[in-house]
Amino acid sequence: MKAFLLESYGKGRALIPTEIPDPVPAAGEVLVDIHATAINQLDGKIRDGAFKPILPYKPPVILGHDLAGVVVATGAGAHRFKVGDAVYARPRDGHIGTFAERIAVAEADLAPSPATLSMAEAASVPLVGLTAWQVLVERAGLKPGQKVLIHAGSGGVGTVAIQLAKHLGATVATTASVTNADLVRSLGADVVIDYRTQDFSTLLSGYDVVLNSLDGKTLERSLKVLKPGGKLISISGPPDPAFARAQGLNPVLRLVMRLLSAGIRRKAKRAGVDYSFLFMHADGGQLAQLGALIDDGTIRPVVDRSYAFDALNDAVAYVDGGRAKGKVVVTLRPEASA
(Lines give C-alpha, C1' and ligand atoms only; values in the text may rest on other atoms or scores of the structure.)
Protein backbone atom coordinates (compact mmCIF):
# COMPACT_ATOMS: atom_id res chain seq x y z
CA MET A 1 0.00 0.00 0.00
CA LYS A 2 1.01 3.63 -0.41
CA ALA A 3 1.76 5.63 2.74
CA PHE A 4 3.46 8.88 3.69
CA LEU A 5 6.30 8.34 6.17
CA LEU A 6 7.89 10.72 8.65
CA GLU A 7 11.48 9.50 8.34
CA SER A 8 12.89 11.71 11.12
CA TYR A 9 11.69 14.53 13.35
CA GLY A 10 12.21 18.05 11.99
CA LYS A 11 10.30 21.31 11.79
CA GLY A 12 8.39 21.51 8.52
CA ARG A 13 9.91 18.26 7.28
CA ALA A 14 8.15 16.74 4.26
CA LEU A 15 6.53 13.33 4.58
CA ILE A 16 7.90 10.77 2.14
CA PRO A 17 5.55 8.73 -0.09
CA THR A 18 6.51 5.07 -0.11
CA GLU A 19 5.15 1.56 -0.61
CA ILE A 20 4.88 -0.65 2.47
CA PRO A 21 3.11 -3.96 3.22
CA ASP A 22 -0.56 -3.88 4.16
CA PRO A 23 -1.16 -4.04 7.92
CA VAL A 24 -2.65 -7.22 9.38
CA PRO A 25 -5.39 -6.75 11.99
CA ALA A 26 -4.51 -8.20 15.40
CA ALA A 27 -7.06 -9.59 17.85
CA GLY A 28 -9.75 -7.00 18.47
CA GLU A 29 -8.74 -4.93 15.46
CA VAL A 30 -10.40 -4.10 12.15
CA LEU A 31 -8.62 -3.47 8.85
CA VAL A 32 -10.01 -0.36 7.16
CA ASP A 33 -9.55 0.74 3.56
CA ILE A 34 -9.16 4.51 4.00
CA HIS A 35 -11.23 6.62 1.62
CA ALA A 36 -10.42 9.97 3.26
CA THR A 37 -8.30 11.40 6.06
CA ALA A 38 -7.85 14.89 7.53
CA ILE A 39 -5.01 17.09 8.68
CA ASN A 40 -4.71 18.27 12.29
CA GLN A 41 -2.27 20.68 13.91
CA LEU A 42 -1.27 17.71 16.07
CA ASP A 43 0.29 16.06 13.03
CA GLY A 44 2.58 19.04 12.48
CA LYS A 45 3.54 19.20 16.14
CA ILE A 46 4.45 15.52 16.22
CA ARG A 47 6.45 15.96 12.99
CA ASP A 48 8.32 18.91 14.54
CA GLY A 49 9.18 16.85 17.63
CA ALA A 50 7.13 18.95 20.05
CA PHE A 51 5.37 15.91 21.52
CA LYS A 52 8.33 13.55 21.86
CA PRO A 53 8.16 13.53 25.71
CA ILE A 54 4.45 12.61 25.63
CA LEU A 55 4.08 10.63 22.38
CA PRO A 56 7.48 9.05 21.74
CA TYR A 57 6.94 7.73 18.23
CA LYS A 58 10.06 6.24 16.67
CA PRO A 59 10.50 7.28 13.03
CA PRO A 60 9.95 6.08 10.43
CA VAL A 61 6.30 6.43 11.36
CA ILE A 62 3.03 7.14 9.57
CA LEU A 63 1.18 10.16 10.95
CA GLY A 64 -2.54 10.88 10.62
CA HIS A 65 -5.31 10.90 13.24
CA ASP A 66 -8.60 10.90 11.27
CA LEU A 67 -10.15 8.40 8.90
CA ALA A 68 -13.30 7.47 7.08
CA GLY A 69 -13.38 4.27 5.09
CA VAL A 70 -14.69 0.75 4.64
CA VAL A 71 -13.95 -2.40 6.64
CA VAL A 72 -12.05 -4.97 4.52
CA ALA A 73 -11.07 -7.53 7.19
CA THR A 74 -11.49 -8.25 10.90
CA GLY A 75 -9.11 -9.72 13.43
CA ALA A 76 -9.88 -12.47 15.94
CA GLY A 77 -12.54 -11.49 18.43
CA ALA A 78 -13.61 -8.38 16.52
CA HIS A 79 -17.35 -8.74 15.99
CA ARG A 80 -18.84 -5.21 16.07
CA PHE A 81 -18.19 -4.53 12.39
CA LYS A 82 -18.29 -6.63 9.25
CA VAL A 83 -16.59 -6.40 5.87
CA GLY A 84 -18.21 -3.66 3.83
CA ASP A 85 -19.25 -1.45 6.76
CA ALA A 86 -18.59 2.28 6.38
CA VAL A 87 -16.77 3.54 9.49
CA TYR A 88 -14.92 6.56 10.84
CA ALA A 89 -12.42 6.91 13.67
CA ARG A 90 -9.61 8.65 15.47
CA PRO A 91 -7.18 5.76 16.11
CA ARG A 92 -5.75 5.67 19.63
CA ASP A 93 -2.33 7.10 20.46
CA GLY A 94 0.45 4.69 19.63
CA HIS A 95 -1.62 3.25 16.77
CA ILE A 96 -2.12 6.26 14.49
CA GLY A 97 -1.28 6.18 10.79
CA THR A 98 -4.14 7.40 8.59
CA PHE A 99 -1.81 8.96 6.00
CA ALA A 100 -1.95 5.59 4.26
CA GLU A 101 -4.28 3.53 2.11
CA ARG A 102 -5.13 1.08 4.90
CA ILE A 103 -4.86 0.86 8.68
CA ALA A 104 -5.62 -1.67 11.42
CA VAL A 105 -7.73 0.01 14.13
CA ALA A 106 -8.98 -1.22 17.50
CA GLU A 107 -12.69 -1.82 16.97
CA ALA A 108 -13.43 0.12 20.16
CA ASP A 109 -12.13 3.25 18.41
CA LEU A 110 -14.49 2.87 15.43
CA ALA A 111 -18.06 4.02 14.86
CA PRO A 112 -20.42 3.78 11.89
CA SER A 113 -19.77 6.66 9.52
CA PRO A 114 -22.62 9.22 9.61
CA ALA A 115 -25.08 8.28 6.88
CA THR A 116 -25.64 11.89 5.79
CA LEU A 117 -21.94 12.66 5.15
CA SER A 118 -19.55 11.92 2.33
CA MET A 119 -16.36 10.09 3.31
CA ALA A 120 -14.43 13.36 3.07
CA GLU A 121 -16.87 15.12 5.41
CA ALA A 122 -16.84 12.19 7.84
CA ALA A 123 -13.03 12.18 7.95
CA SER A 124 -13.10 15.79 9.12
CA VAL A 125 -14.95 14.96 12.33
CA PRO A 126 -13.23 12.43 14.64
CA LEU A 127 -10.35 14.27 16.35
CA VAL A 128 -12.04 17.66 16.64
CA GLY A 129 -15.45 16.17 17.42
CA LEU A 130 -14.05 14.02 20.22
CA THR A 131 -12.08 16.98 21.57
CA ALA A 132 -15.19 19.15 21.73
CA TRP A 133 -17.21 16.34 23.34
CA GLN A 134 -14.58 15.55 25.95
CA VAL A 135 -14.15 19.22 26.89
CA LEU A 136 -17.82 20.21 27.02
CA VAL A 137 -19.58 16.99 28.05
CA GLU A 138 -16.99 14.94 29.96
CA ARG A 139 -14.84 17.60 31.60
CA ALA A 140 -17.09 20.65 31.86
CA GLY A 141 -20.45 18.92 32.25
CA LEU A 142 -21.97 21.87 30.39
CA LYS A 143 -25.61 22.47 31.35
CA PRO A 144 -28.52 24.42 29.85
CA GLY A 145 -28.34 28.10 30.76
CA GLN A 146 -24.59 28.16 31.33
CA LYS A 147 -22.23 30.42 29.41
CA VAL A 148 -19.16 29.20 27.54
CA LEU A 149 -16.37 31.03 25.72
CA ILE A 150 -14.86 29.03 22.86
CA HIS A 151 -11.66 30.51 21.50
CA ALA A 152 -10.81 30.28 17.79
CA GLY A 153 -14.39 29.55 16.80
CA SER A 154 -13.64 29.14 13.09
CA GLY A 155 -11.02 26.44 13.68
CA GLY A 156 -11.50 22.71 13.57
CA VAL A 157 -12.39 22.26 17.24
CA GLY A 158 -14.20 25.57 17.47
CA THR A 159 -16.65 24.89 14.65
CA VAL A 160 -17.81 21.66 16.29
CA ALA A 161 -17.67 22.98 19.86
CA ILE A 162 -19.95 25.95 19.09
CA GLN A 163 -22.62 23.65 17.68
CA LEU A 164 -22.31 21.12 20.48
CA ALA A 165 -22.48 23.82 23.16
CA LYS A 166 -25.67 25.23 21.61
CA HIS A 167 -27.15 21.72 21.53
CA LEU A 168 -26.37 21.44 25.24
CA GLY A 169 -28.32 24.64 25.88
CA ALA A 170 -25.47 27.04 26.58
CA THR A 171 -24.96 30.67 25.60
CA VAL A 172 -21.87 30.71 23.39
CA ALA A 173 -19.28 33.43 22.92
CA THR A 174 -16.36 32.97 20.57
CA THR A 175 -13.31 34.79 19.27
CA ALA A 176 -12.84 35.05 15.52
CA SER A 177 -11.76 37.44 12.79
CA VAL A 178 -14.24 39.76 11.09
CA THR A 179 -14.03 37.64 7.94
CA ASN A 180 -15.16 34.55 9.88
CA ALA A 181 -17.85 36.24 11.97
CA ASP A 182 -20.73 35.18 9.72
CA LEU A 183 -19.47 31.58 9.73
CA VAL A 184 -19.39 31.26 13.52
CA ARG A 185 -22.76 32.99 13.86
CA SER A 186 -24.23 30.50 11.38
CA LEU A 187 -22.96 27.72 13.65
CA GLY A 188 -24.78 29.21 16.65
CA ALA A 189 -22.43 31.68 18.32
CA ASP A 190 -24.40 34.25 20.32
CA VAL A 191 -21.49 36.65 20.91
CA VAL A 192 -18.62 37.12 18.47
CA ILE A 193 -15.49 38.96 19.60
CA ASP A 194 -13.14 40.28 16.90
CA TYR A 195 -9.82 39.21 18.37
CA ARG A 196 -7.94 41.78 16.28
CA THR A 197 -9.76 44.87 17.57
CA GLN A 198 -11.58 43.79 20.75
CA ASP A 199 -10.41 42.50 24.13
CA PHE A 200 -12.60 39.58 25.15
CA SER A 201 -11.36 39.78 28.74
CA THR A 202 -12.94 43.23 29.22
CA LEU A 203 -16.13 42.51 27.29
CA LEU A 204 -17.14 39.18 28.83
CA SER A 205 -17.79 38.21 32.45
CA GLY A 206 -19.63 35.64 34.54
CA TYR A 207 -18.82 32.70 32.28
CA ASP A 208 -18.96 29.11 33.47
CA VAL A 209 -16.51 27.52 31.02
CA VAL A 210 -13.69 28.59 28.71
CA LEU A 211 -12.29 26.28 26.03
CA ASN A 212 -8.79 27.53 25.24
CA SER A 213 -6.82 26.44 22.19
CA LEU A 214 -4.53 29.43 21.91
CA ASP A 215 -1.37 30.77 23.56
CA GLY A 216 -0.44 31.31 27.18
CA LYS A 217 -1.40 34.99 27.22
CA THR A 218 -4.89 34.19 25.99
CA LEU A 219 -5.11 31.42 28.59
CA GLU A 220 -4.25 33.78 31.44
CA ARG A 221 -6.59 36.53 30.23
CA SER A 222 -9.39 33.95 30.06
CA LEU A 223 -9.38 33.74 33.85
CA LYS A 224 -10.95 37.23 33.93
CA VAL A 225 -14.14 36.14 32.16
CA LEU A 226 -14.87 33.20 34.46
CA LYS A 227 -17.00 33.41 37.54
CA PRO A 228 -15.81 31.76 40.79
CA GLY A 229 -16.17 28.01 40.39
CA GLY A 230 -15.79 28.30 36.63
CA LYS A 231 -13.68 25.92 34.55
CA LEU A 232 -10.75 26.88 32.33
CA ILE A 233 -10.01 23.92 30.07
CA SER A 234 -7.05 24.12 27.70
CA ILE A 235 -6.27 21.82 24.80
CA SER A 236 -3.07 23.71 23.94
CA GLY A 237 -1.28 23.46 27.28
CA PRO A 238 0.36 23.68 29.59
CA PRO A 239 -0.09 20.04 30.70
CA ASP A 240 -0.94 19.62 34.37
CA PRO A 241 -0.11 16.97 37.01
CA ALA A 242 -3.41 15.15 36.49
CA PHE A 243 -2.58 14.68 32.81
CA ALA A 244 0.92 13.44 33.65
CA ARG A 245 -0.53 10.84 36.04
CA ALA A 246 -3.15 9.71 33.53
CA GLN A 247 -0.46 9.26 30.87
CA GLY A 248 1.70 7.23 33.24
CA LEU A 249 4.67 9.52 32.68
CA ASN A 250 7.88 8.95 34.61
CA PRO A 251 8.66 11.01 37.76
CA VAL A 252 10.92 13.43 35.90
CA LEU A 253 8.25 14.26 33.30
CA ARG A 254 5.63 14.52 36.02
CA LEU A 255 7.77 17.15 37.73
CA VAL A 256 8.21 18.98 34.43
CA MET A 257 4.45 19.04 33.84
CA ARG A 258 3.90 20.31 37.38
CA LEU A 259 6.37 23.14 36.86
CA LEU A 260 5.05 24.04 33.40
CA SER A 261 1.53 24.52 34.71
CA ALA A 262 2.39 25.92 38.16
CA GLY A 263 1.81 29.54 37.14
CA ILE A 264 -1.62 29.16 35.58
CA ARG A 265 -2.77 26.74 38.29
CA ARG A 266 -1.74 29.21 40.99
CA LYS A 267 -3.52 32.11 39.28
CA ALA A 268 -6.61 30.00 38.68
CA LYS A 269 -6.74 28.99 42.34
CA ARG A 270 -6.43 32.62 43.37
CA ALA A 271 -9.40 33.45 41.10
CA GLY A 272 -11.45 30.54 42.46
CA VAL A 273 -11.34 28.85 39.05
CA ASP A 274 -10.51 25.24 38.13
CA TYR A 275 -7.74 24.85 35.51
CA SER A 276 -7.21 21.61 33.62
CA PHE A 277 -5.45 20.42 30.48
CA LEU A 278 -7.20 18.00 28.15
CA PHE A 279 -5.50 15.74 25.61
CA MET A 280 -8.29 13.98 23.78
CA HIS A 281 -8.51 10.20 23.56
CA ALA A 282 -10.02 7.77 21.06
CA ASP A 283 -13.59 6.64 21.79
CA GLY A 284 -15.86 4.90 19.30
CA GLY A 285 -18.87 5.22 21.58
CA GLN A 286 -18.59 9.00 21.70
CA LEU A 287 -18.12 9.09 17.92
CA ALA A 288 -21.36 7.16 17.55
CA GLN A 289 -23.16 9.79 19.65
CA LEU A 290 -21.62 12.56 17.55
CA GLY A 291 -22.70 10.71 14.43
CA ALA A 292 -26.30 10.69 15.63
CA LEU A 293 -26.16 14.47 16.18
CA ILE A 294 -24.74 14.90 12.67
CA ASP A 295 -27.40 12.74 11.06
CA ASP A 296 -30.24 14.59 12.79
CA GLY A 297 -28.83 17.94 11.62
CA THR A 298 -27.65 19.23 15.02
CA ILE A 299 -23.99 19.35 13.99
CA ARG A 300 -22.55 19.90 10.53
CA PRO A 301 -18.87 19.59 9.71
CA VAL A 302 -17.04 22.56 8.22
CA VAL A 303 -14.53 21.63 5.53
CA ASP A 304 -12.21 24.36 4.28
CA ARG A 305 -10.77 22.49 1.31
CA SER A 306 -9.88 19.05 0.00
CA TYR A 307 -6.63 17.70 -1.44
CA ALA A 308 -5.79 14.56 -3.38
CA PHE A 309 -3.65 11.97 -1.58
CA ASP A 310 -0.62 12.75 -3.75
CA ALA A 311 -0.79 16.37 -2.51
CA LEU A 312 -0.83 15.44 1.18
CA ASN A 313 2.26 17.54 1.95
CA ASP A 314 0.53 20.58 0.44
CA ALA A 315 -2.44 19.94 2.75
CA VAL A 316 -0.16 19.74 5.79
CA ALA A 317 1.58 22.97 4.78
CA TYR A 318 -1.77 24.75 4.44
CA VAL A 319 -2.80 23.69 7.95
CA ASP A 320 0.62 24.76 9.26
CA GLY A 321 -0.26 28.26 8.03
CA GLY A 322 -2.99 28.50 10.69
CA ARG A 323 -5.69 30.00 8.49
CA ALA A 324 -7.92 27.00 7.81
CA LYS A 325 -11.65 27.35 8.49
CA GLY A 326 -12.84 24.11 10.01
CA LYS A 327 -10.93 21.13 8.65
CA VAL A 328 -8.72 20.27 5.69
CA VAL A 329 -9.34 16.82 4.24
CA VAL A 330 -7.39 14.51 1.95
CA THR A 331 -9.21 12.05 -0.31
CA LEU A 332 -7.73 8.71 -1.35
CA ARG A 333 -10.61 7.77 -3.64
CA PRO A 334 -12.42 10.06 -6.13
CA GLU A 335 -15.84 9.09 -4.77
CA ALA A 336 -14.88 10.13 -1.21
CA SER A 337 -15.91 13.72 -1.90
CA ALA A 338 -19.29 12.80 -3.37
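Everything numeric in this text was worked out from a predicted model, so none of it was measured.
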Listed by chain and number, what are the salt bridge (Lys or Arg N to Asp or Glu O under 4.0 Å) partners of [X], not counting sequence neighbours?
X	value
Asp48	Lys11
Lys269	none
Asp295	none
Arg92	Asp109

**Report entry** Ring geometry between Phe309 and Phe4 (parallel below 30°, tilted from 30 to 60°, perpendicular above 60°)
**Finding:** perpendicular
Requested in this report: Fit a plane to each ring of Phe277 and Phe243, take the angle between them on a 0 to 90° scale, and name the class: parallel (under 30°), tilted (30 to 60°) or perpendicular (over 60°).
Outcome: perpendicular
Query raised in the report: So if you build clusters from Ile, Leu, Val, Met, Phe, Trp, Tyr with side-chain heavy-atom gaps below 4.5 Å, do Leu168 and Val125 land together?
Result: yes
Requested in this report: For Tyr9, enumerate each residue passing the ring-ring contact (aromatic ring centres under 6.0 Å, His included) test, keeping only those at least two apart in sequence or located in another chain.
Outcome: none
Query - Under the ring-ring contact (aromatic ring centres under 6.0 Å, His included) test, residues paired with His35 that sit two or more places apart - result: none
Requested in this report: For Glu138, look at atom CD and say whether over 12 heavy atoms of other residues, nucleotides or ligands are found less than 6.0 Å away.
Outcome: yes
**Report entry** For Lys166, side chain to side chain donor-acceptor pair (under 3.5 Å) partners two or more places apart
**Finding:** Asp190
Query - Partners meeting side chain to side chain donor-acceptor pair (under 3.5 Å) with Thr131 (sequence neighbours left out) - result: none
Query raised in the report: Under 6.0 Å between ring centres, would you say that holds for Phe51 and Phe279?
Result: yes
Query raised in the report: At what distance, to the nearest 0.5 angstrom, does OH of Tyr275 lie from CG of Asn212?
Result: 7.5 Å
Query raised in the report: How far does CG of Leu219 sit from OG of Ser261, to the nearest 0.5 angstrom?
Result: 10.5 Å
Query raised in the report: Are any non-hydrogen side-chain atoms of Pro91 and Leu67 less than 4.5 angstrom apart?
Result: yes
Requested in this report: Look only at the side chain of Arg254 and the backbone of Pro241, and say whether a donor-acceptor pair between them is shorter than 3.5 Å.
Outcome: no
Report task. May I ask you to decide if Ile294's main-chain N or O and Thr298's side chain share a donor-acceptor pair within less than 3.5 Å? Result -> no
**Report entry** Pair Glu19 + Lys2, salt bridge at N-O below 4.0 Å
**Finding:** no
Query - Distance under 6.0 Å and angle within 45° of ring axis: Arg323 vs Tyr318 - result: no
Query - All pairs passing side-chain hydrogen bond (donor to acceptor under 3.5 Å, both in side chains) where residues 57-77 contributes a residue, at least two apart - result: Asn40-Asp66, Asp43-His65, Asp66-Lys327
Tell me which pairs pass salt bridge (charged side-chain N to carboxylate O under 4.0 Å, His left out) where either residue lies in [range], with sequence neighbours left out.
range	value
residues 224-235	Asp208-Lys227
residues 237-251	none
residues 144-165	none

**Report entry** Residue pair Arg221 / Thr202, side-chain donor-acceptor N/O under 3.5 Å
**Finding:** no
Report task. Using distance alone, with no hydrogens and no angle criterion, decide if His151 and Thr175 have a side-chain donor and acceptor under 3.5 Å apart. Result -> yes
Report summary line: Of Thr18, Ile103, Leu6, Ile20, the one forming a side-chain contact (heavy atoms from CB on, under 4.5 Å) with Ile62 is Ile20
